[in-house]
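Letters go in sequence order (proteins before strands), and every chain restarts at 1.
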Amino acid sequence: MTTGRSAAFLALLLFSLVPGCDKGLGPIFEQTGFSGTIHFHHWPPPEQVLELRLIAFTDYPSDSSSILQTLLLGKAVIYPPTTTGVAGALQILGNKSADTVDYVFTTDGTLLKEGTYNYVVVAWRYGPNYFADWSPAGVYTLTPGTFEPAPVIVRAHRMKKDVNIDVDFTNLPPKPWR
Amino acid sequence: MAMKRYLLSMIVALCAAATAFAGGGSITGRVIAQTEGNAEPLVGAIVLVQGSVRGTTTNLKGEYKIADLPPGKYTVTVSMVGYLRHSVAGVEVEEGRDVVANVTLTSSPVQFDQVVVTASKRQQSLDEVPVSLSVLDAGEIRQRNALVLDDALRYIPGVNMTGFQVNIRGSSGYSRGAGSRVLMLLDGIPFITGDTGELNFETIPIGEVDRIEVVKGASSALYGSNALGGVINVITKDISERPSTTVRLFGGMYNQPPYDQWKWSSKSRFLNGESVSHSYRSGDLGVSLFLSRQFDDGYRQNDYRRRYNFYVKVKEDYAQHSALTLTFGLLYQYGGQFLYWRSLDSALVPPVAQQDDNIKSIRFFTTAQYTTVVNEAFSLTTRAMWYHNDWGFETRSGIGRAESIADDFRLEVQGTLLPNDMHTLTFGVDGNADVIGGDIISDRVIGGFAAFCQDEIRLAKPVMLTAGARYDFSSVGVTYPGGQLNPKIALAYTPFAGTTLRTSLGEAFRVPAVAEAFLMAGFSNIIARPNPDLKPERSWSFEVGLAQRLGDFGTFDIAGFRQDFDNLIEVTPDIEDNALNFQWRNVAKARIQGVETSVKLGFWDGLLDYSVGYTYVYPEDITAHDLLKYRPRHIFYTTLSSRIGFLQPSVDFRFISRVDRVDDILGNFGIIADGDARNDIIVTDFRLGVDFTLGNVPFTATASVNNALNYNYVELIGNMSPPRTYMLVLEARM
């Protein structure tokens with residue numbers, strides 16, 4: 001009987017070790033934000049490209065002059081953030097001659113938050129006036145050949161992919177801003 | 001000519017059987033168990049007279065008496081759970097005399113030759129059954145601390161649950177609570193809701209369940225609609241010979257979510273409850289009562305439950321020849337409605353729009369069953385049921401209630417006739433009517449009637465042929481009322497003691513549930529649309545199997561099966577007007593085939609018991625050239641248990657493979673974020689039971705850890721299953 005008891009305990013022990021240690025389903029550990037590729041066409045002379053930023057607006061800005069106010073109110077966020085200087089931003093977005101550039105706009109180190117951004121543009125500063133010399137250079141759209149903006153929904157722990165934008169410096173979106 | 005002679009002999013036998021008892025002799029005896037040198041009387045052992053419809057159970061002293069038997073030689077068979085069946089042959093009954101047949105049973109860790117009732121609507125030994133049948137007894141249910149019946153079903157080979165919907169060998173996918181391809185019976189009476197046609201497990205008083213018999217494969221030839229995939233017969237406990245009271249308390253706690261993203265409450269989530277049952281008999285009258293309360297905080301937000309059950313059973317025996325059993329059961333339940341998660345990152349929280357949804361249910365049933373043994377060759381059973389369902393959605397503050405009310409009435413008369421040693425006839429008629437009202441499904445009355453007949457023919461000693469058919473006429477409102485004839489033929493061949501080969505072929509059908517044809521409801525941006533053109537679905541089912549006894553220490557069973565469906569009803573989602581529309585449609589021809597095997601072993605007189613079951617299913621949608629949705633292809637269960645002195649440790653392990661297909665549109669359309677997230681189900685449960693006595697009152701305390709490895713899985717799209725759950729149960733029997 002002692003042998004039997006030992007065998008019973010051993011069998012129970014072995015049995016309990018059968019399953020693996022996998023924990024099954026879990027949250028998707030992605031960064032929060034969106035990413036994509038910017039395709040550039042017909043670059044202007046380098047001296048006319050003073051700055052490029054990706055700006056995600058919650059609402060459509062009515063004109064250039066309101067952009068600063070929109071940024072201050074947190075209704076638009078910039079990538080790369082302003083802490084990245086002008087030269088750095090140009091390095092990240094285009095380097096004045098690249099055909100394409102991949103970008104990843106996340107909540108890390110930026111003011112991007114969960115929510116819906118109805119107007120995502122590549123903004124181009126072509127002149128020295130930091131407050132006025134801006135133009136949209138490309139808009140995120142789901143209707144090719146148009147400048148009809150498409151919303152980008154930023155969800156927690158989800159990286160929305162393929163937010164691709166075409167920038168054609170010879171065919172700019174309407175200004176002011178829409 | 002042969003058929004005419006056969007029918008004539010049956011009619012003559014039936015007329016002869018109508019003759020009431022007239023004198024004869026009796027068989028009396030005592031049934032004892034021989035354990036460690038002591039002879040103990042066995043209470044409640046089943047005593048059957050072979051070749052007749054007569055039988056009884058032993059009383060408090062282990063004694064039995066079967067009176068009014070015509071003179072002749074009989075074989076008496078005695079069986080009881082936990083003991084080997086024993087037969088006494090050549091018991092000679094003489095006019096006006098008592099003949100004694102005492103029986104000593106030997107305990108057995110593995111149950112051989114169990115007496116079952118579902119395969120042929122009568123008591124018979126499991127080794128005579130020509131279909132695959134599994135039994136889960138009260139001990140196994142209690143040991144697993146099952147709070148609701150579906151918890152217990154999760155351990156039967158070939159059975160898996162998709163949420164609250166049961167699937168036997170791939171027959172069912174997921175139909176959102178409407179319709180079931182498995183028929184549930186409560187003590188032999190169809191127990192299916194009149195409106196949604198679903199199995200409601202919560203109404204069954206689980207503390208009063210004696211055993212669950214699961215027949216796998218088409219069974220419409222005896223049971224009619226819904227028995228496409230199989231039949232689950234829930235058999236309640238008989239009223240005990242001696243007064244008995246059982247008090248059961250339980251408490252438990254869910255593990256904290258394993259990821260910070262899943263944490264939604266700072267408080268621990270508990271579940272607790274208690275039940276009391278009492279049974280007593282005074283002379284020929286017996287009564288049992290059951291009361292229970294279950295509170296569950298829920299491991300998910302808005303997934304709490306408050307549940308109350310009441311059940312009473314009254315049985316009166318009229319001499320040995322007839323008995324009347326009346327039951328009444330009531331469920332009141334209130335709780336949150338968790339349809340699906342917000343996303344995999346917020347897997348334990350529903351979408352914002354559903355955070356305030358609740359469901360309140362009031363369900364009750366009452367049944368009457370009258371059995372009379374006309375003579376040793378003929379018995380008659382009449383069963384009736386009224387099953388009332390009232391459930392509805394409302395907000396937590398109780399406003400905006402939309403409800404469905406359904407009353408299902410059933411009546412069945414069944415006869416069992418043994419005209420000679422060769423034939424056992426089971427036949428009967430039944431009818432049902434459903435009265436449906438409320439806001440969710442428009443008012444309507446539906447119903448049907450049926451007649452069935454089955455003959456079990458003992459062709460030679462080792463060969464039993466079963467042939468039968470059932471004709472059903474049924475309607476769902478205005479939708480194609482019509483008749484269905486479902487034949488069945490089966491063969492059981494026992495070349496050696498302990499070896500049974502079986503094969504069966506049968507047709508089955510299912511009339512669409514009222515909800516499938518007429519439901520018109522909207523939840524968020526999901527809309528269920530009616531389809532009054534829905535037709536019944538049909539199937540042919542074939543099975544071949546072998547049951548082999550392995551000495552005195554085990555059993556082995558293997559079966560191959562195939563089921564071909566026509567007009568299969570599936571939920572078909574599509575997008576219209578920027579909303580997700582669901583409609584039940586006859587979409588497919590389908591074929592489900594596979595193999596199932598199980599082994600049960602017992603060593604050292606209960607010191608170690610082991611069981612394992614594996615089912616492979618290939619569920620093919622022939623129309624779409626794809627696999628059917630919501631069907632796993634591999635189901636594996638295994639259990640190891642032991643009894644070491646007063647300790648009873650045990651482990652359950654189950655593996656169910658990831659379902660190949662779900663409704664992708666739910667995820668793609670954004671209705672259920674991360675709706676495609678699913679995986680294999682790998683669950684391990686540990687239990688430890690301890691027997692002890694306090695002041696002459698025997699107690700059993702059981703501690704269990706369900707999903708001990710805290711494996712995160714989904715049975716149903718967008719629904720995370722329970723995490724590791726700790727439970728403690730204390731049961732006192734007086």
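Two residues are said to be in side-chain contact when any heavy atoms from C-beta on lie closer than 4.5 Å; R155(A) and S343(B) meet this criterion.
Separation of atoms CG (N679(B)) and NZ (K23(A)) is listed at 13.0 Å; rounding is to 0.5 Å.
Under the salt bridge (Lys or Arg N to Asp or Glu O under 4.0 Å) criterion, D680(B) pairs with no residue at all, not counting sequence neighbours. Every side chain to side chain donor-acceptor pair (under 3.5 Å) that Q301(B) has, sequence neighbours left out, goes to Q355(B).
Across L25(A) and Y259(B), no two heavy atoms sit closer than the pair O-CE1, 3.9 Å. Shortest non-hydrogen contact noted between G26(A) and W262(B) is CA-CZ2, 3.7 Å.
Using a 4.5 Å cut-off between heavy atoms, R654(B) makes no contact with chain A at all.
Of the residues considered (L344(B), D260(B), V714(B)), L344(B) shows the highest number of contacts with chain A, using heavy-atom pairs under 4.5 Å.
Heavy-atom contacts from other residues, nucleotides or ligands closer than 6.0 Å to CG of L111(A) number 12 or fewer. Residue Y616(B) qualifies as enclosed at atom OH: its count of foreign heavy atoms under 6.0 Å is above 12.
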